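Written out below as structure tokens is the structure these notes cover.
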Amino acid sequence: MANLIEIKEVSKIYRRDSIETPVLTGINLSVGNGEFLALMGPSGSGKTTLLNLIAGIDKPTDGEIIVGGTDIARLSESALAKWRSSNIGFIFQFYNLIPVLTAFENVELPLLLTKLSKQERKQHVEAALNIVGLAERMNYYPKQLSGGQEQRVAIARAIVTDPLILIADEPTGDLDKNSAEEIMTLMQRLNSEFKKTIVLVTHDAHTASRAKTLRHLEKGDLLPADGQAA
Amino acid sequence: MKVLKLIFKNSFRHKLRTFLTILGIGVAVMAFGLLRTVVNAFGSGVRASSADRLVTRDAVTFINPLPLSYFNQIKQVPGVKQVTYMNWFGGTYIDQQHFFARYAVDPNTFFSVYPEYEIGKKAFAEFQSQPNSCIVGSALAQRYNFKAGDVITINGDIYPGTWEFQVAGIYKPEFKSTDAMSMFLNWNYLNEEVKQTFPGRADEVGWYVEQIANGANPGEVSKEIDALFANSPAETKTESERQFQQGFLASVGAIISAMNYVSFVIVGIIMLVLANTMIMSARERTREYAVLKAIGFSGRHLVGMILGESLLVSLLGGILGIFLTYPLVNSFASFSNFLGAELSVQSITLITAFTAVVFVGIAAAIFPIQRAMNTRIADGIRFVG
């Protein structure tokens, strides 16, 4: 399996005034194309920071992050925004749908940045909503949907541009058990059937068990599969 | 779905708050419109003044009269084409609320020096021949439904007694800026009456108005007129009609300045009302802006959305305010009889109000834009408002 994501000696230090807080230290990680990786760890272990770095919404203090051959740590903010729009699909814990837009309009949002025609956008949105099983509720507003349905709309928004990687930050953290199962089944399907590379962060072992690969973070260090610091 | 639709939907996300903001802006713009209209009305005399007319008044104050005998002397000054004279008549029509300007004018010369007051030949002839006749402006006639033959009763104050004047005709203003709310009565009639009741005040003129010949130097003509009466009991001060009007305005300058200041304070209030709404709105949407940035929306997109929302609300408020200004000004004019002038909303007031709301729309968006741009995506996504 060719590596899609290469993380080399990545460190992240947050600075506020004169106080420096190291969050990640010397992280090395490779994620293959079509991989489904779960990152686990306690609060403050740096798992969300690592996810943000892979997604290009934060920049490392040191090291390289190469995604699909591009060192995203060296891209400008505007280039990074453009890169994210075509390469990354985001799934958040609290769905983060726009409440004044319908499910259809929420899913259509990322496509407004493309050159697709209205008709083409409609086809893409309907296809994405079909995959997540919500085509019949495309005209519903978020407040008219259950938590699980909202997260499915958020997943449809994440996949509508057919990105290389899906980034999921605690995707089941706000859901009941049944809804969480449905979401993880859907994500497994996106990985196996649609060959999406998925990097997921969770603190829930059951959710993490649905991934193909599991890695632990602790105090900013990435532990190897056997649980020892790398 | 287009970004414009998103702007519109976002603007009305909190319908009551947006409605109250629009209403607040509307009321403020309406107050701004009324104040600017009143300030403009104060300046209408200056704008209507003619460049080829001079005004000669008593050197100390225009309240002091000048002798009628100056008329023939002023006529002889080189550069003076024609001269007329007039007195402020004052008095009360019905009560103090029904104020309009009343002047006693020389029936033979006044309408030649002031051709912008257009009257028909028949009315002019009657005004000259009928001692107690008067001419009224078209706006005044419309307000009180005056027509030729009607008798207008005035209770005198400067000239005590009950005065009855018969309307000989109605003048029409030549220009939009020309006053159409005045009443002109026959000076000769007034003078004859004064001779009988207050002989000591007969043959007194309030001020003279000279029309100067083409090419004459107004400054030189003024000096020559004043030189004629230097060291006399009634020295004169001659100045252009514009300066004369400005001098009158200076006496109420503090009021005008206050109204000017207040009108622009209102613009500040509009900005605070809108800025408050925009800041609340942007704060509530910190996480949404972060999500939009995460999925690829650039800073330019966010600026467009926030600015668009701010401008939409400010423009809706501005349009509402402009529409409300008209009935407010009409209502104010009908009950206040402000200065006896015809109050009307000028184009410059509308343009200023529109410019102000656009400026406010842009200014109110600055802080929310700054906040949206400076918030890191990772922080914004975790934001709990």
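Residue numbers begin at 1 in each chain, while the letters A, B, ... track the order of the sequences. The structure displayed is predicted, hence computed values, not measured ones.
- Using a distance-only test at 3.5 Å, with no hydrogens or angles considered, no donor-acceptor pair links the side chain of A:Glu150 to the main chain of A:Leu97.
- In this structure a side-chain-to-backbone donor-acceptor pair under 3.5 Å is missing from A:Asp62 to A:Val10.
- Only the side chain of A:Leu113 comes within contact range of chain B, with at least one heavy atom under 4.5 Å from a heavy atom of that chain.
- Chain B forms more heavy-atom pairs under 4.5 Å with one residue of A:Pro163, A:Pro99, A:Pro110, A:Ser86 than with any other, namely A:Pro99.
- Using a 4.5 Å cut-off between non-hydrogen atoms, the part of residues 289-311 of chain B that approaches chain A consists of B:Val291, B:Leu292, B:Lys293, B:Ala294, B:Ile295, B:Gly296, B:Phe297, B:His301.
- Listed for the A:Asn106 side chain is a donor-acceptor partner under 3.5 Å among the backbone atoms of A:Leu101.
- Both the backbone and the side chain of A:Asn96 have a heavy atom closer than 4.5 Å to some heavy atom of chain B.
- For B:Arg376, the part lying near chain A is the side chain, with the backbone staying farther off; criterion is any non-hydrogen pair under 4.5 Å.
- Without hydrogens or angle criteria, A:Thr61 side chain to A:Ile13 main chain gives a donor-acceptor distance under 3.5 Å.
- Panel note: side chain A:Ser179, backbone A:Asp176; no donor-acceptor pair is recorded below 3.5 Å.
- Checked for salt-bridge contact, A:Glu105 and B:Lys5 meet the test: a charged N lies under 4.0 Å from a carboxylate O.
- The backbone N or O of B:Gly380 lies less than 3.5 Å from no partner atom in the side chain of B:Thr375, so there is not a single donor-acceptor pair.
- Here the side chain of A:Asn130 pairs a donor or acceptor atom with the backbone of A:Glu126 at under 3.5 angstrom.
- Annotation: maximal heavy-atom pairing with chain B below 4.5 Å, among A:Asn52, A:Leu80, A:Asp58, occurs at A:Asp58.
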